Amino acid sequence: MVEATMLHFTDREQQYPLKRPAELRAEDYLEISRPYIIAKAEEQASRCSQCGVPFCQVHCPLHNNIPDWLRLTAEGRLEEAYELSNATSSMPEICGRICPQDRLCEGNCVIEKDFGSVTIGSVEKFITDTAWEEGWVKPLVPVADRGGQSVGIIGAGPAGLTAAEMLRVKGYEVHVYDRYDRAGGLLTYGIPGFKLEKYVVTRRIERLEAGGIIFHLGFEVGRDASLDELRDRHDSILIATGVYKPRDINVPGIDATGVVGALDYLTRSNRRGFGDTVTDAADYDAAGKHVVVIGGGDTAMDCVRTAVRQGAASVKCLYRRDRANMPGSQREVAHAEEEGVEFVWLSAPHSVLGSPAAVVLADKMRLGAPGPDGRRAPELDDGGRFRLDADLVIKALGFDPEDLPVAFGNAALGVNRWGTLRVDHKTMATSLDGVFAAGDIVRGASLVVWAIRDGRDVAAAMHKYMAAKVEALRVAA
Ligand code: FAD
Ligand code: SF4
Ligand code: SF4
């Protein structure tokens, strides 16, 4: 009976996996929570009230069948739970780790307000981690022979990798091109190990390689081949290159040595985690330094927490709005505070003094009237200017798209006014015949779960396009 197994939200307390003590986790780059044991995963899954209209599912970008895989977990039918979870997501254990669940599935769980939501992400992670351990994650097997039809995918981030998997299973020859030396995009070089340990990404990539997907790493489109050269090589192309142009601020001293970009900083930290030699590592090492991170998004949260782990003397996060109006996840702020990060709310940098940097002068801000986006705009307060010690200043102000028509050597590649690629939202086709786009390069800086959703949708659209091409040739013959 469903009632006996489920609906335990009144008598079983919400429990996330136990976090390791903050002082211990600041010593390493391992994920901060211990995994559930099976009894705990079953207990937590059993809290679900099996809603007729599950708002958790509605607000999951993949529309994962959450109530059903929670019920299967609560019943101890883990392999079936995995099959169901895997049916709608290409990387459930990654989403379970890094989705901002408080804004998506869990934030919309009906029992959230009175009892605390079902711990959906943690159960999702548990299910697929178990599937990997038990050998339930099956190799990729192409289901058809497409007579050598091939696709070229530019970008090995979650959007590109998801599309690669779906198209390989359909039987296409799949080539993935990436300018980095490792696949994974921001999963590999952006997001730190304490949120997503790298073996989790690597085992996914190894499965794709074993399934016959061909990776061309260290291959930059625009440098090693033009877009049109790739179009000649393949029957269709996917652009999934993400957004990498860092936004900047224009204040005196911002070009001083000791002021670095967030992704440069995080990439070097991740490379060191892989054991790579990083020649300029010292310039990006927070050890013993007073660190100021400028920005209030998730990238800023990753920087402050990385600086803690590098052994910074102090870490401050300077943000021009207040806690309630910051874009970053509240959970991440809480983790950062536990680890010793100090948030300096309602403050904006005025200038950086010294070269190398030694001090950030900052101005107090207040929140004014709501702007066009509905958020209250920060404005200068007359409460004064103050100094912060800062030997390392990290700019985490967000990212814009690179100029792809120029980089790819094709002015006919349509972009919109934000520089993201213009696509037909039904087919995800760009302005160029046979060229599709997905992920952050279409949405602007977004989330992994949306990149996965796009990767799945675009693979279906590309398959339709290539199947129609074959059919047209058959009719013409
Ligand atoms: P990407 O992951 O950016 O991958 C694009 C790939 O294209 C890269 O590998 C790049 O090398 C390659 N490429 C670019 N140009 C070329 C070229 N010319 N030739 C060949 N290859 C090229 N999202 C979450 O959901 N949760 C989080 O906790 C989270 N944390 C984040 C932390 C940081 C620091 C950052 C920056 C982002 C974070 N995000 C998070 C956002 C998330 O990582 C992205 O939304 C997601 O990775 C986008 O996927 P994508 O496949 O579109 O692009
Ligand atoms: Fe929640 Fe993300 Fe998993 Fe969807 S993919 S169920 S939003 S954690
Ligand atoms: Fe279960 Fe919450 Fe989803 Fe309802 S909204 S089905 S209680 S997880």
Side-chain angles (χ1 to χ4, degrees), residues 26-27 29 186 189-194 243-274 276-321 326 328 332-333 336-337 339-365 378 384-400 445:
E27 303 272 302
Y29 292 84
L186 291 171
Y189 282 133
I191 299 172
F194 51 82
V243 288
Y244 283 87
K245 194 168 92 187
R247 290 192 193 131
D248 218 337
I249 34 165
N250 186 13
V251 299
I254 202 73
D255 295 327
T257 56
V259 182
V260 301
L263 205 51
D264 293 333
Y265 174 69
L266 293 172
T267 304
R268 280 165 180 76
S269 173
N270 279 314
R271 279 198 180 283
R272 288 168 68 184
F274 280 111
D276 295 354
T277 305
V278 178
T279 48
D280 54 0
D283 298 342
Y284 292 85
D285 191 347
K289 295 180 184 165
H290 295 289
V291 178
V292 171
V293 176
I294 304 170
D298 287 332
T299 303
M301 297 309 106
D302 289 350
C303 291
V304 289
R305 298 179 67 204
T306 298
V308 167
R309 283 158 179 77
Q310 289 181 344
S314 69
V315 184
K316 294 192 171 62
C317 180
L318 199 65
Y319 182 55
R320 60 196 182 135
R321 291 186 167 94
M326 71 181 297
E332 294 298 312
V333 179
E337 283 181 327
E339 291 166 11
V341 174
E342 187 185 327
F343 285 83
V344 188
W345 305 112
L346 288 166
S347 303
H350 167 272
S351 52
V352 178
L353 305 184
S355 196
V359 167
V360 169
L361 283 187
D363 287 325
K364 286 309 288 174
M365 309 294 284
R385 184 162 296 163
F386 58 99
R387 310 165 49 97
L388 296 170
D389 290 340
D391 317 304
L392 180 64
V393 180
I394 303 171
K395 297 179 287 184
L397 300 151
F399 302 94
D400 287 319

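All residue numbers in this chain count up from 1 along the given sequence. Quick caveat, the model's predicted, so the values are computed rather than measured.
Scanning for side-chain hydrogen bond (donor to acceptor under 3.5 Å, both in side chains) contacts around D280 gives R268, with sequence neighbours left out. Under the side-chain hydrogen bond (donor to acceptor under 3.5 Å, both in side chains) criterion, D400 pairs with R247, sequence neighbours left out. Looking at residues two or more places apart in sequence or on another chain, you find a side-chain hydrogen bond (donor to acceptor under 3.5 Å, both in side chains) between R385 and H350, D363. Scored by the side-chain contact (heavy atoms from CB on, under 4.5 Å) test, A358 finds no partners at all (sequence neighbours excluded). For D302, the side-chain hydrogen bond (donor to acceptor under 3.5 Å, both in side chains) test picks out K195, with sequence neighbours left out. Residues satisfying the salt bridge (Lys or Arg N to Asp or Glu O under 4.0 Å) test with E337, not counting sequence neighbours, are R323. Scored by the salt bridge (Lys or Arg N to Asp or Glu O under 4.0 Å) test, D285 finds R272 as partners (sequence neighbours excluded). With sequence neighbours left out, F343 forms a ring-ring contact (aromatic ring centres under 6.0 Å, His included) with W345. For E342, the side-chain contact (heavy atoms from CB on, under 4.5 Å) partners at least two apart in sequence or on another chain are K316, V344. Residues forming a salt bridge (Lys or Arg N to Asp or Glu O under 4.0 Å) with R309 (at least two apart in sequence, or on another chain): E339.
In this structure, the separation between CZ on F194 and OG on S269 is 7.5 Å, given to the nearest 0.5 Å.
When all heavy atoms are compared, the tightest approach of V291 to A312 is CG2-CB, 3.8 Å. Nearest heavy-atom pair, T267 versus L263, reported as atom, atom and distance to 0.1 Å: OG1-O, 2.6 Å. Between A256 and G354, the shortest heavy-atom contact is CB-O, 3.5 Å. Residues K364 and S347 come closest through the heavy atom pair NZ-OG, 3.4 Å. Minimum heavy-atom separation, A357 to V352: CB-CG1, 3.7 Å. Nearest heavy-atom pair across A313 and G288 is CB-O, 3.6 Å.
Counting heavy atoms from C-beta on, the side chains of L397 and I249 come closer than 4.5 Å. Residues L318 and V360 are in side-chain contact: their nearest non-hydrogen atoms beyond the backbone lie under 4.5 Å apart. At a threshold of 4.5 Å between non-hydrogen side-chain atoms, the residues Y319 and L346 do not count as touching. No side-chain heavy atom of K245 sits under 4.5 Å from any side-chain heavy atom of F399. Side-chain contact between V341 and V308 is present, with heavy atoms from C-beta onward closer than 4.5 Å. Within the 4.5 Å cutoff, the side chain of L266 has heavy atoms near those of the T299 side chain. Using a 4.5 Å heavy-atom cutoff, the side chains of S314 and K289 are not in contact.
Within the structure, every pair that satisfies the side-chain hydrogen bond (donor to acceptor under 3.5 Å, both in side chains) test and touches residues 250-265, not counting sequence neighbours, is listed here: Y265-Q310.
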Which pairs of donor and acceptor atoms, one on a side chain in residues 389-396, lie under 3.5 Å apart (sequence neighbours left out)?
{"unit_1": "D391", "atom_1": "OD2", "unit_2": "H290", "atom_2": "N", "d": "2.8"}
{"unit_1": "K395", "atom_1": "NZ", "unit_2": "D248", "atom_2": "OD1", "d": "3.1"}

Working for side chain to side chain contact (heavy atoms under 4.5 Å, CB included), residues L353 and L361:
CA-CA 7 Å; L353 305 184; L361 283 187; 4.0 Å; yes
Show your working on side chain to side chain contact (heavy atoms under 4.5 Å, CB included) between E332 and R305 and close with a plain yes or no.
CA-CA 9 Å; E332 294 298 312; R305 298 179 67 204; 2.8 Å; yes
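Counting heavy-atom neighbours within 6.0 Å of R320 CZ, excluding the residue itself, gives a total of 12 or less.
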